[in-house]
Amino acid sequence: MANVSVAAEWQLLYNRYYRKPELYPLRWKNIDLSRNKVACAPFGGPIAVIRDDSKIVQLYSESALRKLRIFTSSGVLISDTVWKNPGGRLIGMSWTEDQTLICIVQDGTVYRYNIHAELIEPNVTLGKECFEQNVVECIFWGNGVVCLTEGGLLFCIPDFKVMRPCQLAETGTEDLPNCMAVIEPKYTVSGNVEVLVGVGDGILIVDEDGVQRVDGEAVQGPVQKMVVSWDGKYLAIFTHDGRILVTDINFKGVLLEYNCEADENLRLIQSSLPEAVEACIDAAGHEFDVSRQRTLLRAASYGQAFCSTKLDTCHCSATDNLQITFQRDRIQEMCKTLRVLNAVRDPEIGIPLSINQYKLLTPSVLIARLINAHRHLLALRISEYVGMNQEVVIMHWACSKITASLAIPDATLLEILLDKLKLCRGISYAAVAAHADKNGRRKLAAMLVEHEPRSSKQVPLLLSIGEEDTALMKATESGDTDLVYLVLFHIWQKRPPLEFFGMIQARPLPRDLFISYARCLLWFWWPSSYYGHLFDNGGQNEAFIKCYKHEFLKDFFLSTGQLQEVAFLLWKESWELGKNPMASKGSPLHGPRIKLIDKAQHLFAETKEHTFESKAAEEHAKLLRIQHELEVSTKQAIFVDSSISDTIRTCIVLGNHRAAMKVKTEFKVSEKRWYWLKVFALATIRDWEALEKFSKEKRPPIGYRPFVEACIDADEKGEALKYIPKLADLRERAEAYARIGMAKEAADAASQAKDGELLGRLKLTFAQNAAASSLFDTLRDRLSFQGVS
């Protein structure tokens, strides 16, 4: 190539020069492209080749079985596989942006392969209609495809990542199209795929919603071929009479018409030295021949040095200085870029990227493709050279090494892996260990995870590979309570209780955390008759606690000597029995409830610190027994789980005064509390005679005010008058008279109390009664005259 004149390689086409350099002598053997279907991936990607089953070809020394073969761009075989897929002939084949090979067969089935010729499941079908009519043509673009059937129907997969086929609108034509082209969704106004279909003497635009015929200067006679520009702005049309027309995508006019006659007009270019340096740098970037790259870069460097000398010998502006610095940086950057490009263009690698493709692809994507092709060493060197993180490369290499090294012992393979993994600081050993476990090498995974410095990644993996003891140890050493709880709950579900107890008993932090957690759960089960006023959450605590096994917790607390916690659990179980719908009307379930509380009481009594709980449990059991007996005798399920006060009140309301007295005596209810309960219970059933008799048994320890309030609340003013005169406090007597509407008596009592302020308040009570208001004013004035406020 070096002996050929550079200028002779370039050919003029319209007003642009083009050339077709030979990048590689292809290394494959006995490959006749005319006998095969071929799919070339963009950006110097792989080439897929398979024998074309639509052609009759002579077989030489090859097998009758068709093979799908994948080569690099230099013709080096990457992988191959026998084609055994059903569905008829292979109609179309193309690569996606992530280098997945898409193969579409006659019945509309879509098969996918990776670069290693491995079939990717599941397969996808274009639909029943497509299956019945057969696919005859496929038009691919970056990440989608449009298929044409024998019946002229169009089916589309807009995005291979989603693989959701759809049918486009019917064209309504009888004949199949002459040609088709696709406008990608990202370039259309609607955001949907639009297909340009050359039919008869015109062009149709077809999408999911309908069909539109194109009119314009560009459409004059049958169209043989159409191509949409890479940016979706222009359309090139090859007509039936041999003309090439270029129009914008909206067909607003012909931008260019070319009839294959050579344009002999040459443009004369006159440039300054800095422009020549820029041109040499750009030319080097677009050049594939390494020797020419060196020649062009040396010329640029020489010219740039001359510019620097010129700057030293004359007074130049700051702009000139910046331009020379920019050129120097560009030469260095171009050298770095070309070094990367030349490395991947090597025939052994076979990725002939142009500089523009490299910039569009980005170094990170190029490295990812090298990794996918198992070119880890080159990917690592490029990552280091361009200053990118090497973790992705080393991670992929480590995982691939594990997969491919089934015969290497774990200890030997561990040394090999660690030798490379330590090159990258902060790399995730846990991720590599997870891959080892996935490949059935659990021992290797356990050894790898030992080198993971982050407990948050180390502990979950240890649990997943069954290393619970080590996981608990690492979580404890980290001091992270969340991690400790994670391990505890995992072991709790996986191990037998006694084994679980043994694991945490010798470790103070896990043991104390578990006990604290269990105590927190049990606290919400304190009987509501004693502390019910502290909680009002609609039973959420009950729903929360039910998921835990009482027997497990009891066994744990017994094994650790936490007898009081076992007692709380027993008490809780008694309350759960009480929620059973059968636990009413003398149900035998009350017996087990009481036994559970008795057991709890005995356990509480074992420790001096829980004297109160022991006494409370004893009284709770006693109360349940009495309530159970009352429900049996009255045949009314209204006593159990009510408070002592409610039990007494209910007995009085039912007329069972003997039972009420028994409850009072058993639980040492005070006289004041007894009087309050009985007064209001008798008022509830309006037994005024019994109430009066009760008031005369002895002087009430609570006074007569509760009698008055009970009568007034029952709207019995006459009954209240029996007790108001007995009120010792004149102020209470005045207010009581006022509540039943007796203004004069209220005024007299307030006057006797010599309370002017009370007279003022009472006046407001009788504001609608003029005579009463006058009386209160007179008495207040009299007190004021006497010097009483």
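The shown structure was predicted, so the numbers you read here are calculated from the model rather than taken from an experiment.
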Under 3.5 Å, is there a donor on one side chain and an acceptor on the other for [X] and [Y]?
X    : Y    : result
N114 : Q99  : no
T173 : D175 : no
H435 : T403 : yes
D159 : N143 : yes
S354 : N356 : no

Checklist entry - What do the steps show when you test R112 against E118 for salt bridge (charged side-chain N to carboxylate O under 4.0 Å, His left out), and what is the final call? => result CA-CA 8 Å; R112 295 175 294 165; E118 297 167 339; over 6 Å; no

Side-chain ion pair, [X] and [Y], N-O less than 4.0 Å:
X    : Y    : result
D53  : R66  : yes
D231 : K186 : no
E97  : K161 : no

Item to check | Atom of I394, atom of L423 and distance for their closest heavy-atom approach | outcome: CD1-CB, 4.2 Å

Checklist entry - What's the spacing between K20 NZ and E22 CD if we round to 0.5 Å? => result 12.0 Å

Checklist entry - Would you find a donor on one side and an acceptor on the other, under 3.5 Å apart, between the side chain of Q224 and the backbone of F238? => result no

Checklist entry - Can any side-chain N or O of D107 pair as donor or acceptor with the backbone N or O of T109 at less than 3.5 Å? => result yes

Next on the checklist: I want to check a possible cation-pi pair here: K67 against W83, using under 6.0 Å from ring centre and within 45° of the ring axis as the test.
Outcome noted: no

Next on the checklist: Among P21, P347, S73, exactly one meets side chain to side chain contact (heavy atoms under 4.5 Å, CB included) together with P352. Which residue is that?
Outcome noted: S73

Next on the checklist: Could you walk me through whether D32 and R51 satisfy the salt bridge (charged side-chain N to carboxylate O under 4.0 Å, His left out) test, starting with their C-alpha distance in whole Å, then the side-chain angles of each, then the deciding distance to 0.1 Å, before giving a yes or no?
Outcome noted: CA-CA 9 Å; D32 182 356; R51 192 169 69 233; over 6 Å; no

Checklist entry - Going by the angle between their ring planes, with limits at 30° and 60°, are W28 and F71 parallel, tilted or perpendicular? => result perpendicular

